[in-house]
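Along the sequence shown, residues carry numbers from 1. Every value quoted in this text rests on a predicted model; they were computed, and no experiment measured them.
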Amino acid sequence: MDASDAASTSTKTMRLRYEGTCVRCGTAIRQGVRAVYDRAARVVSCLDCPAAPARAAGELPLADGVSLSDPEIPTAAADTDHVETGAAGASAKREYERRRTAREERIRTMHPRLGGLMLAVSEEPQSTRAWAVGAAGEEALGRRLNELDGVRALHDRRIPRTKANIDHIVVSAAGVHVIDAKKYKGRPELRVEGGILRPRKESLVVAGRDQTKLLIGVHKQTALVRTALASAGFDDIPVVGALCFVAADWPLIGGAFWIDKVLVAWPKKVADYVTADGDIPPERVAAVHRALAVAFPVA
């Protein structure tokens, strides 16, 4: 069997059962849309991809850069014009506006004459204000991340089939960084108990309160990002989680720490970490950025 026969047997046109990304041009291909699937390389491409090389009539395309002897998924081009990077804090801001509007409408309906006065002299519930505070923290960190050289950021990304989101995903030469922004007051600290006669126990404490539970969310997000990268052929890319406290009372010297493989730091320290030297080339950084943008749409 020659190369043309092998290409025709390894590729087929089909309706996708799951969302995919064109290996040539990086365009998102929705579930149910007809596309070309390469079974050998396990990649998909647009049925009439504008980036595809010219081919003979009736010939099914083989993914660019994928040879029959080397099934590795190729690196996508560095063009990111079509990647929607998202707006930091957008979904939190929308939720705040939704709650604020609902409260105002409820009070004005129940008290047609005094509703305006009641709103003027009363404070918003803490559960509503928390969304505005969170949005401000995400926006502040997002601005700093967008100013960094050599990195590509995604903001406010929706986790498919859930109502949850990921605040920031940053791709750099050092790997992928999943960052959860928090605008908590007080000082974050690493509290260690035991270690000699008793098992060592580490806790994340903020303003004297145990906030170790925050690590659970970061671990879930990094696991989802690793799964998405593996599905796109980038399972060798390292993924690290971080908690960034944007308004905390950090000490003048030191302060940042690692707990359960999660970095806990302030915006500048996080920025220094994501811009650290690495061996991932710029074109592969762009390809990973594009794949994650597809896997986690804008919230």
For Pro251 versus Gly255, what's the shortest heavy-atom pair and its separation?
CG-CA, 3.7 Å
Run the numbers on Glu147 and Arg143 for salt bridge (Lys or Arg N to Asp or Glu O under 4.0 Å), then give the verdict.
CA-CA 6 Å; Glu147 294 171 355; Arg143 286 193 296 270; over 6 Å; no
Side-chain donor/acceptor of Arg108 to backbone N/O of Gly115, under 3.5 Å:
no
How close do Ala88 and Gly142 get, counting heavy atoms only, and between which atoms?
CB-CA, 3.9 Å
Minimum side-chain heavy-atom gap Thr275-Asp149 below 4.5 Å:
no
What closest approach, in Å, do Ile259 and Leu204 show between heavy atoms, and which atom pair accounts for it?
CD1-N, 3.6 Å
Between His168 and Leu145, is there a donor-acceptor pair closer than 3.5 Å when you use the side chain of the first and the backbone of the second?
no
The single option from Val178, Leu214, Leu215 passing side chain to side chain contact (heavy atoms under 4.5 Å, CB included) against Val262
Leu215
Do Leu292 and Phe234 have side chains that get closer than 4.5 Å, going by heavy atoms?
no
Residues forming a side chain to side chain contact (heavy atoms under 4.5 Å, CB included) with Lys201, sequence neighbours excluded:
Glu193, Ser203
Check: Asp156 side chain, Ser91 main-chain N or O, donor-acceptor pair, under 3.5 Å:
yes
Donor-acceptor under 3.5 Å (Arg152 side chain, Val285 main chain):
no
In short, Ala174 meets Pro238 closest at the heavy-atom pair O-CG, 3.5 Å
One thing to verify: whether Arg284 and Asp236 come together as a salt bridge, which I'm taking to mean a side-chain N less than 4.0 angstrom from a carboxylate O.
yes
Evaluate the criterion salt bridge (Lys or Arg N to Asp or Glu O under 4.0 Å) for residue pair Arg98 and Glu95; output intermediate values, then yes/no.
CA-CA 5 Å; Arg98 186 191 69 80; Glu95 180 61 19; 2.6 Å; yes
Atom of Trp250, atom of Pro188 and distance for their closest heavy-atom approach:
CZ2-CG, 3.6 Å
Between Asp167 (side chain) and Ala181 (backbone), is there a donor-acceptor pair under 3.5 Å?
yes
Side-chain donor or acceptor of Ser172 paired with backbone N/O of Val274 under 3.5 Å
yes
Nearest heavy atoms of Ala153 and Asn146, plus distance in Å
CB-OD1, 4.1 Å
Do the side chains of Arg100 and Glu97 get close enough for a salt bridge, i.e. N-O under 4.0 angstrom?
yes
Are the side chain of Arg129 and the backbone of Glu124 linked by a donor-acceptor contact shorter than 3.5 Å?
yes
Test item: Arg157 side-chain N/O and Thr85 main-chain N/O as donor-acceptor pair under 3.5 Å
yes
